[in-house]
Novice: 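The following block contains the structure, expressed as structure tokens.
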Amino acid sequence: MTDQRVVIVTGGGTGIGAATARLLRADGHHVVVSGRRAEPLRRIAEETGALAHPSDTTDPDGVRGLVEAAIAAYGQLDGLVLNAGVGRGGAVGDISVEDWETVMSTNLTGPFLMLRAAMPHLLEVRGAVVAVASVAALRNGIADAAYAASKAALVQLCSSVAVDYGPRGVRANTVCPGWVRSEMADRRMTRFAQEAGLGEGGAEAAYEEVTRLSPARRPGRPEEVAEAIGWLLSPAASLVNGATLTVDGGAAVFNPGSAAFDFRIQPR
């Protein structure tokens with residue numbers, strides 16, 4: 001990569017994607033932010049100077065248009081942040097086929113289409129890819145079949161890029177965040193607070209509850225995940241390829257069997 005890089009960030013209007021766009025722009029890089037909703041992208045573009053390009057990463061034509069827009073604007077493509085994602089709850093016997101397909105098309109097929117369209121340009125500059133998966137890719141949860149499966153597959157998709165294109169200079173790594181304060185997570189916490197009867201505490205009480213067994217005892221901030229992404233994209237991580245980096249406050253290493261020594265666990 002050159003000192004000034006060109007990076008596409010999908011799901012770039014809010015949360016981790018927006019934080020990554022801010023960090024990269026602050027470091028002087030060109031950024032193209034993409035997503036389905038135009039208004040959040042416009043706000044990030046006005047705030048940071050990034051180029052906003054609304055697109056649906058599950059649409060092959062939209063993906064091609066996104067990559068072409070980056071090349072037309074800046075002449076090259078050095079990095080790709082695969083951050084667009086959705087979640088739908090449900091065990092295998094409960095989740096609908098429609099919800100399963102929505103999760104898989106957004107969380108797995110979309111990144112595949114992005115990688116396929118971007119690869120010729122990444123090969124030209126020996127570029128880097130960072131996919132945003134989840135600790136759900138490594139440790140499954142209750143009623144999380146589609147989301148966990150899609151994120152685990154995303155880890156392996158990036159690993160395949162590292163193996164197949166690493167000899168030609170392209171790096172592909174994955175970050176696995178735990179609970180991170182974001183628009184999507186806030187909505188989930190609000191629903192959880194209502195379902196669990198957490199009272200007036202609302203989303204704040206829910207965040208406290210879901211991170212109670214995490215060594216960090218708190219949710220992450222989007223900026224903390226963005227720092228990891230920025231490092232993996234940079235020359236400082238030149239020997240890091242095919243890695244899976246947890247950014248979860250230690251949640252993935254905690255042994256749930258030891259929880260009873262500090263907590264009284266009761267079913268709801």
Side-chain angles (χ1 to χ4, degrees), residues 11 14-20 22-23 81-83 85 87 89 107 130-156 158-159 173-234 236-237 239-268:
T14 60
I16 293 170
T20 301
R22 293 187 185 101
L23 181 144
V81 179
L82 302 170
N83 175 66
N107 296 359
V130 180
V132 180
S134 167
V135 292
L138 311 173
R139 303 287 186 270
N140 220 311
I142 295 170
D144 208 21
Y147 185 75
S150 70
K151 292 299 189 179
L154 178 60
V155 170
Q156 288 300 321
C158 279
S159 296
N173 296 289
T174 309
V175 295
C176 289
W179 283 112
V180 174
R181 291 181 180 272
S182 66
E183 183 180 291
M184 187 168 74
D186 284 349
R187 290 195 300 267
R188 183 65 188 96
M189 290 301 101
T190 299
R191 292 198 308 272
F192 174 52
Q194 296 169 346
E195 295 162 0
L198 297 181
E200 296 180 359
E204 289 300 320
Y207 275 120
E208 181 179 350
E209 188 81 356
V210 299
T211 59
R212 193 179 299 277
L213 300 182
S214 165
R217 300 293 197 270
R218 66 171 178 85
R221 294 179 288 106
E223 294 77 13
E224 292 174 303
V225 184
E227 289 285 354
I229 294 170
W231 176 72
L232 287 169
L233 287 172
S234 77
L239 197 59
V240 182
N241 198 13
T244 302
L245 176 62
T246 55
V247 189
D248 65 346
V253 300
F254 180 72
N255 174 12
S258 68
F261 293 101
D262 280 329
F263 300 93
R264 181 177 177 85
I265 309 297
Q266 295 177 309
R268 297 192 183 280

Novice: Look at Glu224 together with Arg218 and state whether they make a salt bridge at an N to O cut-off of under 4.0 Å.
Specialist: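 Salt bridge between Glu224 and Arg218, a charged N being under 4.0 Å from a carboxylate O: yes.
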
Novice: For residues Thr211 and Pro219, report the shortest heavy-atom separation together with the two atoms involved.
Specialist: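 For Thr211 versus Pro219, the nearest heavy atoms are CG2-N, 3.6 Å.
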
Novice: Does any non-hydrogen side-chain atom of Val180 lie less than 4.5 Å from one of Arg221?
Specialist: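 Arg221 vs Val180: side chains apart.
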
Novice: Do Met184 and Arg187 make a side-chain contact, defined as non-hydrogen atoms from C-beta onward lying under 4.5 Å apart?
Specialist: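 Yes, side chains in contact.
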
Novice: Considering all heavy atoms of both residues, which atom of Gly85 and which atom of Asn107 are nearest to each other, and what is their separation?
Specialist: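 Heavy-atom minimum between the residues: CA-OD1, 3.1 Å.
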
Novice: Minimum heavy-atom separation for Ala133 to Lys151, with atom names?
Specialist: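 Answer, listing the atom of Ala133 first, then Lys151: CA-CD, 3.6 Å.
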
Novice: Are any of the side-chain heavy atoms of Glu223 and Leu23 separated by less than 4.5 Å?
Specialist: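 Heavy-atom side-chain distance check fails, nothing below 4.5 Å.
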
Novice: Check whether any side-chain heavy atom of Val240 lies under 4.5 Å from a side-chain heavy atom of Leu232, and answer yes or no.
Specialist: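 Val240 vs Leu232: side chains touch.
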
Novice: Which atom pair, heavy atoms only, marks the closest approach of Gly249 to Ser214?
Specialist: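 Minimum heavy-atom contact is O-OG, 3.5 Å.
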
Novice: Tell me, with the steps shown, if Cys176 and Leu245 meet side-chain contact (heavy atoms from CB on, under 4.5 Å).
Specialist: CA-CA 6 Å; Cys176 289; Leu245 176 62; over 6 Å; no

Novice: Quick one: does any side-chain atom of Asn83 pair with a main-chain N or O of Val132 as donor and acceptor, under 3.5 Å?
Specialist: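 Flag not set: sc Asn83 to bb Val132 has no pair under 3.5 Å.
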
Novice: Donor-acceptor pair, Ser234 side chain versus Trp231 backbone, under 3.5 Å?
Specialist: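 Such a contact is found between Ser234 side chain and Trp231 backbone.
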
Novice: Are the side chain of Asn173 and the backbone N or O of Gly242 linked by a donor-acceptor pair below 3.5 Å?
Specialist: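 Side chain of Asn173 to backbone of Gly242, a donor-acceptor pair under 3.5 Å: yes, one is there.
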
Novice: State the CD1-CD1 distance between Ile229 and Ile16, to the nearest 0.5 angstrom.
Specialist: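 Result: 6.0 Å between the selected atoms.
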
Novice: Within a strict 4.5 Å, meaning less than it, do heavy atoms of the Val135 and Trp179 side chains meet?
Specialist: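 Side-chain contact under 4.5 Å: no.
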
Novice: Using a 4.5 Å cut-off on heavy atoms from C-beta on, say whether the side chain of Ser134 contacts that of Tyr147.
Specialist: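 Yes; the side chains approach each other to less than 4.5 Å.
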
Novice: Where do Ala152 and Ala137 come nearest, in terms of heavy atoms and distance?
Specialist: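 It is N-CB, 3.5 Å.
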
Novice: Could you tell me which non-hydrogen atom of Met189 sits nearest to which non-hydrogen atom of Ala206, and how far apart they are?
Specialist: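 Heavy atoms only, the tightest pair is O-CB, 3.3 Å.
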
Novice: Calculate, to the nearest 0.5 Å, the distance between atoms CD and CG belonging to Glu204 and Leu198 respectively.
Specialist: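 The CG atom of Leu198 is 12.0 Å from CD of Glu204, to the nearest 0.5 Å.
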
Novice: Does any non-hydrogen side-chain atom of Asp144 lie less than 4.5 Å from one of Ile142?
Specialist: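 Result no, sub-4.5 Å side-chain heavy-atom pair not found.
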
Novice: Where the side chain of Thr246 meets the backbone of Asp248, is there a donor-acceptor pair that is under 3.5 Å apart?
Specialist: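 Looks like no, no N/O pair under 3.5 Å.
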
Novice: Please confirm whether the backbone N or O of Ala185 pairs with a side-chain atom of Ser182, one donor and one acceptor, at under 3.5 Å?
Specialist: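 Answer holds: yes.
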
Novice: Taking the side chain as C-beta and beyond, is there a heavy-atom pair between Leu82 and Val130 under 4.5 Å?
Specialist: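 With C-beta onward as the side chain, the pair stays apart.
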
Novice: Find out whether the Lys NZ or Arg CZ of Arg181 is both under 6.0 angstrom from the six-membered ring centre of Tyr207 and within 45° of the ring's axis.
Specialist: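 Here Arg181 passes the 6.0 Å and 45° test against Tyr207.
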
